[in-house]
Amino acid sequence: QVELVESGGGLVQPGGSLRLSCAASGSSFSMYGMAWDRQAPGKQRLLVASITSDGLTNYADSVKGRFTISRDNAKNTVYLQMNSVNAEDTGVYFCHAYKTVNGFKVVSAWGQGTQVTVSS
C-alpha cells in the first residue's frame, strides 16, 4: 500500500521553471514505477512522464527536452522538473504509482493533484 502527496505547484510565467514533488508513504517505494499526469481544464488526464523502478524514463512528445522526471528512493519521492513552460502546460498535475503485472500496467495509487498555472 502506498499513499502519494504532491507539492510544488503554483503560478509561473511563460518560459519559467517549476519543480513538482510527489512524496510517498508506505513500504517498497523503490519497487513502484512512478508517473506524472496532467489534466488541463475541460480535457482528459494525459500522461506527461514516467520512470520505472529501474530508472528508465519516458516522456510525452509535448514535454520532451523541457521536463525531467527523477526519483530519490532514499526520500521516497519522485520529482518533475519543468523548464521553459508555456500556457499549454497549465493544469492539475497528478502523480501515480504503478506496477507491471504480466506486461500490464496496474495503478496502485494516485495523489490528490497540484495546480500549475502558466500565465504572465
Side-chain angles (χ1 to χ4, degrees):
Q1 187 77 13
V2 62
E3 295 184 356
L4 306 174
V5 178
E6 300 98 333
S7 61
L11 176 65
V12 57
Q13 292 187 342
S17 297
L18 205 62
R19 189 176 81 156
L20 307 182
S21 299
C22 174
S25 61
S27 61
S28 304
F29 171 77
S30 63
M31 297 178 62
Y32 289 93
M34 299 296 298
W36 288 94
D37 296 68
R38 176 175 66 218
Q39 188 161 19
K43 296 186 177 181
Q44 66 181 22
R45 193 176 300 185
L46 297 176
L47 181 68
V48 172
S50 64
I51 185 167
T52 68
S53 57
D54 296 327
L56 298 177
T57 59
N58 186 54
Y59 298 92
D61 287 343
S62 61
V63 306
K64 282 181 180 177
R66 300 189 298 120
F67 290 10
T68 302
I69 188 171
S70 61
R71 65 189 300 160
D72 186 337
N73 290 337
K75 295 183 178 180
N76 282 9
T77 301
V78 63
Y79 304 97
L80 185 68
Q81 178 67 43
M82 307 168 61
N83 297 329
S84 302
V85 297
N86 56 58
E88 286 69 40
D89 296 322
T90 293
V92 180
Y93 284 72
F94 299 88
C95 71
H96 72 264
Y98 68 91
K99 289 187 175 181
T100 302
V101 180
N102 295 328
F104 293 93
K105 178 182 176 181
V106 178
V107 177
S108 301
W110 285 94
Q112 84 288 351
T114 186
Q115 175 71 44
V116 172
T117 302
V118 182
S119 176
S120 55

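Owing to the predicted nature of the structure, the values given are computational and were not obtained by experimental measurement.
In plain terms, the two heavy atoms of Tyr79 and Asp72 that are nearest each other are CE1-CB, 4.0 Å. Minimum heavy-atom separation, Ser53 to Arg71: CA-NH1, 3.6 Å. Here the closest heavy-atom approach between residue Pro41 and residue Thr90 is recorded as CD-O, 4.2 Å. For Ser120 against Pro14, the heavy-atom pair with the smallest separation is N-CD, 3.7 Å. Among all heavy-atom pairs drawn from Ser84 and Ser17, the shortest one is N-OG, 4.4 Å.
A distance-only check finds no donor-acceptor pair linking the side chain of Gln39 to the backbone of Gly91 [under 3.5 Å]. Put simply, the side chain of Thr100 never gets that close to the backbone of Gly103: no donor and acceptor are under 3.5 Å apart. With hydrogens and angles disregarded, a donor-acceptor distance shorter than 3.5 Å links the side chain of Asn86 to the backbone of Glu88.
The CD atom of Gln1 sits 9.0 Å away from atom OG of Ser25, with the distance rounded to the nearest 0.5 Å. Rounding to the nearest 0.5 Å gives a distance of 6.0 Å between NZ of Lys99 and OG of Ser28. The line from NZ of Lys64 to CG of Asn58 is 6.5 Å long, rounded to the nearest 0.5 Å.
Applying the 6.0 Å contact sphere to NZ of Lys75 captures no more than 12 heavy atoms from other residues, nucleotides or ligands. Atom CD of Gln115 has more than 12 heavy atoms from other residues, nucleotides or ligands within 6.0 Å.
For residues 13-117, the set of pairs meeting the disulfide (SG to SG under 2.5 Å) definition, not counting sequence neighbours, comprises Cys22-Cys95.
Ser62 places a side-chain heavy atom less than 4.5 Å from the side chain of Arg38. Between Leu11 and Ser119 the shortest side-chain heavy-atom distance falls below 4.5 Å. No side-chain heavy atom of Asp37 sits less than 4.5 Å from a side-chain heavy atom of Gln44. Taking the side chain as every heavy atom from C-beta outward, His96 and Arg45 never approach each other to under 4.5 Å.
Applying the under-4.5 Å side-chain rule to Ile, Leu, Val, Met, Phe, Trp and Tyr, the cluster around Tyr93 extends to Val2, Leu4, Val12, Leu18, Leu20, Phe29, Tyr32, Met34, Trp36, Val48, Ile51, Tyr59, Val63, Phe67, Ile69, Val78, Leu80, Met82, Val85, Val116, Val118.
Taking the six-membered ring where the residue is Trp, Trp110 and Phe94 present perpendicular rings, their angle passing 60° and hence far from 30°.
Donor-acceptor pairing under 3.5 Å is recorded for the side chains of Asn83 and Gln81.
Residues satisfying the side chain to side chain donor-acceptor pair (under 3.5 Å) criterion with Thr68, sequence neighbours excluded, are absent altogether.
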